[in-house]
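These notes concern the structure reproduced below.
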Amino acid sequence: MTAEHDEPEVATNFVADLIEAEQQAGAVATVTTRFPPEPNGYLHLGHAKAIWLAFGVAKRFGGVCNLRFDDTNPAAEEAEFVESIRTDVAWLGYAVADERVFFASDYFEQLYAWAEQLVEDGKAYVDSQTAEEIRDNRGNFYKPGVDSPFRDRSVADNLDLLRRMKAGEFKDGQHVLRAKIDMAHGNINLRDPLMYRILKERHHRTGDTWCIYPMYDYAHGQSDAIERITHSLCTLEFEDHRPLYEWFVDNVAVPAKPRQIEFAKLHFTFTVLSKRKLKQLVAENVVDGWDDPRMPTISGVRRRGYPPEVLAELCERVGVAKREGIVDVALLDHILRENLNRTSPRAMAVLRPLKLIIDNLPEGEVMHFDVPNNPGDEAAGTRSVAFTRELWVERDDFREEAPKKWFRLAPGKEVRLRSACLVRCTEVIKDPETGEVIQLHCTWDPESKGGRSPDGRKVRGTLHWVSAQHAVEGTVRLFDRLFSTENPTDVPEGGSFLDNINPDSLEVLTGCKLEASLGERATEHGWRCQFERLGYFCVDLDSAQGAPVFNRTIGLRDSWAKLEKKNA
RNA sequence: UGGGGCGUCGGCAAGUGGUAAGCCAUCGGUUUUUGGUAUCGACAUUCGUAGGUUCGAAUCCUACCGCCCCAGCCA
């Protein structure tokens, strides 16, 4: 047991390898990256990967990472999203200093000055075709584009027009500024891409100062250069934009030359991760908002009870590559459970209560048992739990006719009540009308206090329980995956991904019986624990004093359910 | 009929000329007062296919096949 503490291996990836190679090749500036969200929606698991990569790679090489809002389209963006994004990034564990938070809109003035320069250099022109004409003349995959009739305007005319565009003399769509590159280029992005469009739209930060706004391709690389970004990481669909990114950086007098590197997005089975679709789920009330615990948004998983470290661990294990793949959500589930098992204190709660009476225990007698808070972690200590004649146990833990390998309660069967004692079922009371089992009678073995088997007899079933007299009532929400098919977007002609919604993704249980200690947590929103034998839960935002509400983050692995299903 | 990418186990993913890591899933065993956890074992004679170079190829060459992205005044 000597110093075998190897630093936890940090998995490598092609981006890190690339930077390392650059550093070994010689003088490199401090690695600077950026996470550039557009403030037009909430962040989701896909963004978590981009954040983890951008911030992670910067940290790994002793550099920094900026948070830059790519707010070049006032028609879609709102300050509300700026706030939610900042909250989410911070929650993920990346404290971004205020002086590292930027906005593309901070650079509007500079970007415009460079645009005039490009015009003066004869490398940009004002096009006055209609949107439709521009589209038609752009050609397509098979047909080269056609030069705009305005392509050869004089520098003076272009400058004049551009200034008047900026001054607000024209209507939306009347003119655009385009880079003069090559209308016949195989890469359509280089067929004289638009740099500016007229948009008489109030911007969430610059207000009405501007009525022309730069397009992504023109703004992004230049913003990177201004911030001295060395490595501009983005997803694969921007690969064909790289030549354009480089064209601008080469033709504008920027102070530095950033490098764009693309990686594959994250995808999960049984999940949808596109802003458009997530927006649709919210808009059509399929879920209860962006932070619905079933949503794959950062705010959703936060409310669901995910610790932020789980997402970083996930990214670490999935890796970074250029291959577009779909990660099995089971991996996420596994990492989640692994974290929660290690960190969650245990408690007992009965979700679907059934009364159990111990006949040979006097009424009014209260015993207290010491229960470990985490059997895997002695340092977590123990707590005292009250035990009485009348208890609540889980309905699912009783079967009138025990199937093969059933270790739980059944007439005549003996089970262990966790940390308390052994009891044997002696009588089953049913509702004479409905036949429903409403109460169980048992006798306990006083020799088995603490749950030990006094004579070594095998008792394979162990049940969780709550003293009826001490129980606190609460609501528990059970979540299942939002979609019932592995690839929700794979739908037949005319179908919608909404057709694959799992109708049973939410189950709300009221009147659950919680161990007394749980009642004291009702206002500790986000507090996590394990309900023994059931899963990991956390206190929901809706929880209040006297009316606790718990969310099930994820269930425990259930090999009995699996066995039973297999035998069915 | 264009341009840009990608193809290694069911799913991720290492490997960059010396004879296929790891993780998840799956299956089986052990331990167990959570049918949980932990732990042990099984799981690619083969790297999209076909040729070629080489003593030796997932790695180099050639051809072919398959999949993804691009035709917003979105990012």
Side-chain angles (χ1 to χ4, degrees), chain A residues 9 11-13 36-38 40 70-73 75-77 127 130-131 134-136 138-145 172-178 184-191 194-199 213 215-217 219-220 234-243 262 264 269 275 316-335 337-338 341-342 346 348 371-372 374-376 405-408 416-422 448 450-453 459-464 486 530-535 555-564:
Chain A
E9 284 279 323
T12 187
N13 61 62
E38 181 187 15
N40 71 341
D70 218 341
D71 55 351
T72 57
N73 182 8
E77 297 146 7
D127 194 355
T130 62
I134 288 178
R135 191 191 335 117
D136 291 346
R138 184 150 37 218
N140 54 41
F141 299 151
Y142 317 113
K143 204 174 75 196
D172 283 16
Q174 211 172 333
H175 305 282
V176 293
L177 183 72
R178 302 179 75 173
H185 201 104
N187 181 344
I188 294 177
N189 289 127
L190 295 180
R191 319 242 261 229
L194 271 60
M195 292 170 59
Y196 273 94
R197 75 287 215 188
I198 299 170
L199 227 45
Y213 291 93
M215 299 286 289
Y216 166 85
D217 285 306
H220 205 89
C234 63
T235 46
L236 255 25
E237 69 266 29
F238 290 99
E239 232 158 0
D240 337 316
H241 291 247
R242 189 178 350 120
E262 312 85 8
T269 52
K275 244 187 226 180
E316 192 84 44
R317 289 214 217 174
V318 165
V320 184
K322 297 195 71 157
R323 201 183 318 170
E324 284 276 6
I326 302 178
V327 176
D328 191 342
V329 273
L331 176 60
L332 213 207
D333 291 350
H334 176 262
I335 294 169
R337 288 196 183 100
E338 198 173 64
N341 174 56
R342 200 173 59 235
R346 316 282 127 131
M348 289 198 281
V371 179
N374 188 339
K405 297 214 171 165
W406 177 258
F407 302 152
R408 283 114 98 148
R416 171 181 299 107
L417 294 179
R418 171 133 244 236
S419 303
C421 63
L422 266 24
S448 68
R452 284 174 303 276
S453 173
V459 178
R460 303 207 51 185
T462 299
L463 272 45
H464 58 280
E486 199 168 306
Q530 181 197 95
F531 287 176
E532 292 222 45
R533 301 211 307 133
L534 297 175
L556 254 31
R557 224 184 224 105
D558 188 349
S559 60
W560 164 251
K562 200 194 239 173
L563 215 199
E564 198 175 34

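All chains are named by letter (A, B, ...) in the order of the sequence lines, taking the proteins before the strands, and each is independently numbered beginning at 1. Heavy atoms only: backbone and side chains are in, while hydrogens, waters and symmetry mates are out.
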query: Mind telling me whether B/G72 is syn or anti, cutoff 90° either side of 0?
result: syn
- prompt: Can you tell me if the side-chain N/O atoms of A/Lys562 get under 4.0 Å from OP1 or OP2 in B/A25?
  reply: no
message: I'd like to know if A/Arg323 reaches the base of B/U8 with its side chain such that a donor and an acceptor end up less than 3.5 angstrom apart.
response: yes
- prompt: On a whole-Å scale, what distance lies between the C1' atoms belonging to B/C69 and B/A20?
  reply: 31 Å
field: Contact under 4.0 Å: A/Arg342 side-chain N or O vs B/G36 OP1/OP2
entry: no
message: In whole Å, measure the gap between the P atoms of B/C40 and B/U59 for me.
response: 35 Å
task: Using only side-chain N and O atoms of A/His464, determine if any of them is under 4.0 Å from OP1 or OP2 of B/U34.
output: no
message: Between the base of B/U37 and the side chain of A/Glu338, is one N or O donor paired with an acceptor at under 3.5 angstrom?
response: no
query: Base, backbone or nothing for each nucleotide of nucleotides 70-75 of chain B, written B, S, -, heavy atoms under 4.0 angstrom, 5' to 3'?
result: BBSBSB
- prompt: Rounded to whole angstroms, how far apart are CD on A/Gln530 and C1' on B/G36?
  reply: 6 Å
task: Check whether any side-chain nitrogen or oxygen of A/Arg533 sits under 4.0 Å from OP1 or OP2 of B/G35, and answer yes or no.
output: yes
field: Sequence-distant partners of A/Arg191, side chain to side chain donor-acceptor pair (under 3.5 Å), two or more places apart
entry: none
